[in-house]
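What follows is one structure encoded as structure tokens, with my remarks underneath.
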Amino acid sequence: MPKTAIITGSTSGIGLGLAQAFAANGYNLVFNGLEKNGAEIAAGVAQEHGVDTFFSPANMLDPEQVREMVAQAETRFGQVDVLINNAGVQHVAPIDEFPEAKWDLIIGVNLSSAFHTSKAVWPGMKKRGFGRIINIASVHGIRASEYKAAYVAAKHGIIGLTKVLALEGAPLGITCNAICPGYVRTPLVEGQIEDQARSHGMSEEEVVGKVMLKKQAVKDFVPIELLGEMALLLASGGANTLTGTTQVIDGGWTAQ
Ligand code: NAD
């Protein structure tokens with residue numbers, strides 16, 4: 001029977017890349033995100049790879065919509081084997097100018113949603129004795145950068161959640177790991193380049209060279225395909241002892 005994965009925020013950027021990698025490996029998929037063309041994206045990937053997909057517009061800020069998305073997946077595919085918590089937003093500003101609403105939004109989407117999705121898939125995974133939860137954290141889950149109070153707090157938080165779920169899942173056949181990428185060139189990062197340019201008073205080219213990739217020893221953006229390979233390994237049946245970890249793919253950022 002084909003395996004099923006839910007990938008939140010999969011109608012753009014890293015999530016979409018992960019979805020393509022999982023579809024290419026025969027997974028049926030639940031697409032999710034705020035992009036208006038989500039249903040078309042899901043149908044296109046299904047056709048390209050000969051798998052079954054559907055699009056859920058569930059807003060990750062609403063636990064009820066999260067539960068409905070998981071219930072729809074279980075009804076359509078019979079089970080959810082893999083959950084990838086990827087949806088994320090960013091806002092960059094000095095602490096004294098950081099809008100309260102942006103703090104709440106970032107904690108809600110980047111951290112609390114992973115609690116709600118994991119809680120919703122847990123009973124099914126527990127019943128079948130198999131589950132793989134993968135949290136797309138960030139190098140900002142283990143290192144800080146100025147002007148990113150909410151993002152760094154949320155990403156540190158999701159690494160804590162990863163460890164707790166790994167411990168609770170261990171006797172149940174459920175693993176939980178985090179992937180911590182350095183910079184990946186996606187729409188989220190394009191937005192940050194503009195914000196950082198404003199905060200630092202620099203041109204966008206200067207921000208890429210002097211601020212963003214400054215901390216990476218390898219001066220390249222992390223390829224989405226590499227994140228796909230890592231996620232497929234973490235999702236695999238043989239990876240049952242690989243749990244509670246942070247898989248850092250950061251171009252040597254944290255080696256320093
Ligand atoms: P992106 O903006 O391209 O994609 C984010 C996705 O999340 C979109 O599909 C968006 O619709 C969805 N989303 C946002 N709010 C949502 C909500 N309330 N409900 C449902 N979906 C929602 O960004 P990306 O760069 O692909 O980021 C994906 C993840 O990777 C994020 O968690 C981000 O923090 C993390 N990450 C990104 C980078 C990077 O350099 N791009 C580095 C490390 C970690």
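As the structure lists them, so they are numbered: ligands from 1, and atoms in each ligand from 1.
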Contact with ligand 1 for [X], non-hydrogen, under 4.0 angstrom:
| X | answer |
| --- | --- |
| P57 | no |
| T8 | no |
| G182 | yes |
| Y151 | yes |
| K155 | yes |
| C180 | no |

Any idea which part of [X] is under 4.0 Å from ligand 1, heavy-atom wise: side chain, backbone, both or neither?
| X | result |
| --- | --- |
| V89 | side chain |
| S113 | neither |
| N86 | both |
| R185 | neither |
| L188 | both |

Inset, instruction - Apply the side-chain hydrogen bond (donor to acceptor under 3.5 Å, both in side chains) test between N177 and each candidate in T243, T245, N135, T162; give the one that qualifies. - result: T245
If you measure from [atom] to every heavy atom of [options], which option wins on shortest distance?
| atom | options | value |
| --- | --- | --- |
| atom 38 (C) of ligand 1 | N135, I14, T11 | I14 |
| atom 4 (O) of ligand 1 | G33, G15, S12 | S12 |
| atom 17 (C) of ligand 1 | N59, I7, I84 | N59 |

Which of the numbered atoms in ligand 1 are below 4.0 angstrom from a heavy atom of [X]?
| X | value |
| --- | --- |
| I136 | 30 (O), 32 (O), 35 (C) |
| P187 | 3 (O) |
| A58 | 19 (N), 20 (C) |
| G13 | 3 (O), 26 (O) |
| V189 | 39 (C), 40 (O), 41 (N) |
| N32 | 20 (C), 21 (N) |

Can you tell me which residue and heavy atom of the protein come closest to [atom], and the distance to 0.1 Å?
| atom | answer |
| --- | --- |
| atom 5 (C) of ligand 1 | G88 O, 3.6 Å |
| atom 9 (O) of ligand 1 | E35 OE1, 2.9 Å |
| atom 44 (C) of ligand 1 | A137 O, 3.1 Å |
| atom 25 (O) of ligand 1 | T186 OG1, 2.3 Å |
| atom 43 (C) of ligand 1 | P181 O, 3.4 Å |
| atom 12 (C) of ligand 1 | G9 CA, 3.7 Å |

[X]-ligand 1 polar pair, N/O distance under 3.5 Å:
| X | value |
| --- | --- |
| Y183 | no |
| M60 | yes |
| N110 | no |
| L34 | yes |
| V184 | yes |

If I take atom [atom1] from residue [X] and atom [atom2] from residue [Y], how far apart are they, to the nearest 0.5 angstrom?
| X | Y | atom1 | atom2 | result |
| --- | --- | --- | --- | --- |
| H116 | M69 | NE2 | CE | 12.0 Å |
| E205 | K210 | CD | NZ | 11.0 Å |
| I41 | F31 | CD1 | CZ | 7.5 Å |
| C180 | I249 | SG | CD1 | 9.0 Å |
| Y183 | D250 | OH | CG | 11.5 Å |
| Q90 | T186 | CD | OG1 | 10.5 Å |

Whether over 12 other heavy atoms sit under 6.0 Å from [X] [atom1]:
| X | atom1 | answer |
| --- | --- | --- |
| K215 | NZ | yes |
| Q256 | CD | yes |
| K127 | NZ | no |

Inset, instruction - Report the C-alpha distance between I133 and V121 in whole Å, list the side-chain angles of each, state the deciding distance to 0.1 Å, and finish with yes or no for side-chain contact (heavy atoms from CB on, under 4.5 Å). - result: CA-CA 9 Å; I133 298 177; V121 298; 4.3 Å; yes
Inset, instruction - Start with the C-alpha gap between D81 and R132, add the side-chain angles, then the distance that decides, and say whether salt bridge (charged side-chain N to carboxylate O under 4.0 Å, His left out) holds. - result: CA-CA 6 Å; D81 304 288; R132 299 283 182 261; over 6 Å; no
Legend entry - Pair Y147-H200, ring-ring contact (aromatic ring centres under 6.0 Å, His included): steps then yes or no: CA-CA 10 Å; Y147 310 130; H200 290 277; 5.3 Å; yes
Legend entry - Positive for side chain to side chain contact (heavy atoms under 4.5 Å, CB included) with N110, one of L105, V89, N86: V89
Legend entry - Note, W122 side chain near L165 side chain (heavy atom, < 4.5 Å): yes
Legend entry - T4-N28 side chain donor-acceptor pair, cut-off 3.5 Å: no
Inset, instruction - Kindly say whether P94 contributes a backbone atom to a donor-acceptor pair with the side chain of E97 at under 3.5 angstrom? - result: no
Inset, instruction - Measure from NZ or CZ of K148 to the centre of the six-membered ring of F98 and say whether it is under 6.0 Å with the direction within 45° of the ring axis. - result: no
